[in-house]
Amino acid sequence: QVQLVESGGGLVQAGGSLRLSCAASGRAFSSYIMGWFRQAPGKEREFVAAISESGGTLYYADSVKGRFTISRDNAKKMVYLQMNSLKPEDTAVYYCAASGGLYSSIASSYEYWGQGTQVTVSS
């Protein structure tokens with residue numbers, strides 16, 4: 001069992017930056033692939049980024065590649081999403097998720113979810 005709590009969301013102007021954090025509790029954090037997803041009003045939840053168990057492999061959606069960076073600290077049981085050059089279309093609730101299986105960009109592949117943190121980018 002893994003519990004996830006996101007923080008770091010807020011209101012930022014276009015072109016600005018935010019760093020999201022996800023604190024995990026429970027056992028065997030380092031055995032999970034960790035991902036970030038987002039959901040805008042009226043839209044489906046979409047994949048943003050994921051990181052392998054060791055942190056050695058990173059995955060990104062095309063829409064955020066080059067602007068967002070995912071990282072993890074297994075000793076602290078933390079996952080981060082550094083978001084730069086933010087755009088109004090990045091506005092969404094951002095969710096941290098954990099998967100005990102192979103990498104996937106599909107939300108249903110992730111067993112554990114946080115409650116989400118709101119990111120709003122103004123133009």
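On a predicted model such as this, the values are computed, not experimentally measured, just so you know.
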Legend entry - Ion pair check, K87 and D90, cut-off under 4.0 Å: no
Inset, instruction - Return the minimal non-hydrogen interatomic distance between G35 and Y110, and the atom names on each side. - result: N-CE2, 3.9 Å
Inset, instruction - Determine whether F37 and I33 fall in the same hydrophobic cluster, where Ile, Leu, Val, Met, Phe, Trp and Tyr are linked whenever their side-chain heavy atoms lie under 4.5 Å apart. - result: yes
Legend entry - Check: S52 side chain, T57 main-chain N or O, donor-acceptor pair, under 3.5 Å: yes
Legend entry - Sub-4.5 Å side-chain heavy-atom contact between V79 and I70: yes
Legend entry - A40: side-chain contact (heavy atoms from CB on, under 4.5 Å) partners, not counting sequence neighbours: K43, A92
Legend entry - Straight-line distance of L86 CG to L18 CG, nearest 0.5 Å: 5.5 Å
Legend entry - Atom pair CD/OH of E111 and Y32 - distance to nearest 0.5 Å: 6.5 Å
Legend entry - Check: M83 and V12 side chains under 4.5 Å, non-hydrogen atoms: no
Inset, instruction - Start with the C-alpha gap between S25 and Q3, add the side-chain angles, then the distance that decides, and say whether side-chain hydrogen bond (donor to acceptor under 3.5 Å, both in side chains) holds. - result: CA-CA 5 Å; S25 60; Q3 294 80 43; 3.0 Å; yes
Inset, instruction - Could you identify which residues cluster with L11, counting Ile, Leu, Val, Met, Phe, Trp and Tyr as linked when any side-chain heavy atoms lie under 4.5 Å apart, either directly or through a chain of such contacts? - result: none
Legend entry - Residues forming a side-chain contact (heavy atoms from CB on, under 4.5 Å) with E44, sequence neighbours excluded: none
Hey, can you pull the donor-acceptor pairs under 3.5 Å for the side chains in residues 101-108, sequence neighbours left out?
residue	atom	partner	partner atom	Å
S104	OG	I106	N	2.9
S104	OG	S109	OG	3.1

Legend entry - Candidate pair L81 and T69, rule side chain to side chain contact (heavy atoms under 4.5 Å, CB included), full reasoning: CA-CA 6 Å; L81 186 68; T69 302; over 6 Å; no
Legend entry - All pairs passing side-chain hydrogen bond (donor to acceptor under 3.5 Å, both in side chains) where residues 72-83 contributes a residue, at least two apart: R72-N74, Q82-N84
Legend entry - Non-hydrogen side-chain atoms of T117 and L20 separated by less than 4.5 Å: yes
Legend entry - S31: side-chain contact (heavy atoms from CB on, under 4.5 Å) partners, not counting sequence neighbours: A28
Inset, instruction - If a pair satisfies disulfide (SG to SG under 2.5 Å) and one of its residues is in residues 25-74, list it, with sequence neighbours excluded. - result: none
Legend entry - Least distance between heavy atoms, S123 atom then A14 atom: CA-CB, 4.4 Å
Legend entry - Same apolar cluster (I L V M F W Y, side chains within < 4.5 Å links), V64/V121: yes
Inset, instruction - Tell me whether the centres of the aromatic rings in W36 and F68 are closer together than 6.0 Å. - result: no
Inset, instruction - Check whether W113 and F29 end up in the same hydrophobic cluster, where Ile, Leu, Val, Met, Phe, Trp and Tyr are linked by side-chain heavy atoms less than 4.5 Å apart. - result: no
Inset, instruction - Please list all pairs passing the salt bridge (Lys or Arg N to Asp or Glu O under 4.0 Å) test where one or both residues lie in residues 6-30, with sequence neighbours left out. - result: none
Legend entry - Sequence neighbours excluded - disulfide (SG to SG under 2.5 Å) pairs with any residue from residues 62-92: none
Inset, instruction - Go through the structure and list residues passing side-chain hydrogen bond (donor to acceptor under 3.5 Å, both in side chains) with Y94, not counting sequence neighbours. - result: R38
Legend entry - With V93 via side-chain contact (heavy atoms from CB on, under 4.5 Å) - residues at least two apart: Y95, Q118
Inset, instruction - For Q115, look at atom CD and say whether over 12 heavy atoms of other residues, nucleotides or ligands are found less than 6.0 Å away. - result: yes
Inset, instruction - Could you check F47 against Y59 for ring-ring contact (aromatic ring centres under 6.0 Å, His included), going step by step and ending with a plain yes or no? - result: CA-CA 10 Å; F47 171 76; Y59 309 87; 7.5 Å; no
Inset, instruction - Check whether any side-chain heavy atom of E53 lies under 4.5 Å from a side-chain heavy atom of S30, and answer yes or no. - result: no
Inset, instruction - Any pair with a residue in residues 8-39 that passes disulfide (SG to SG under 2.5 Å), sequence neighbours left out, goes on the list, sorted by first then second residue, please. - result: C22-C96
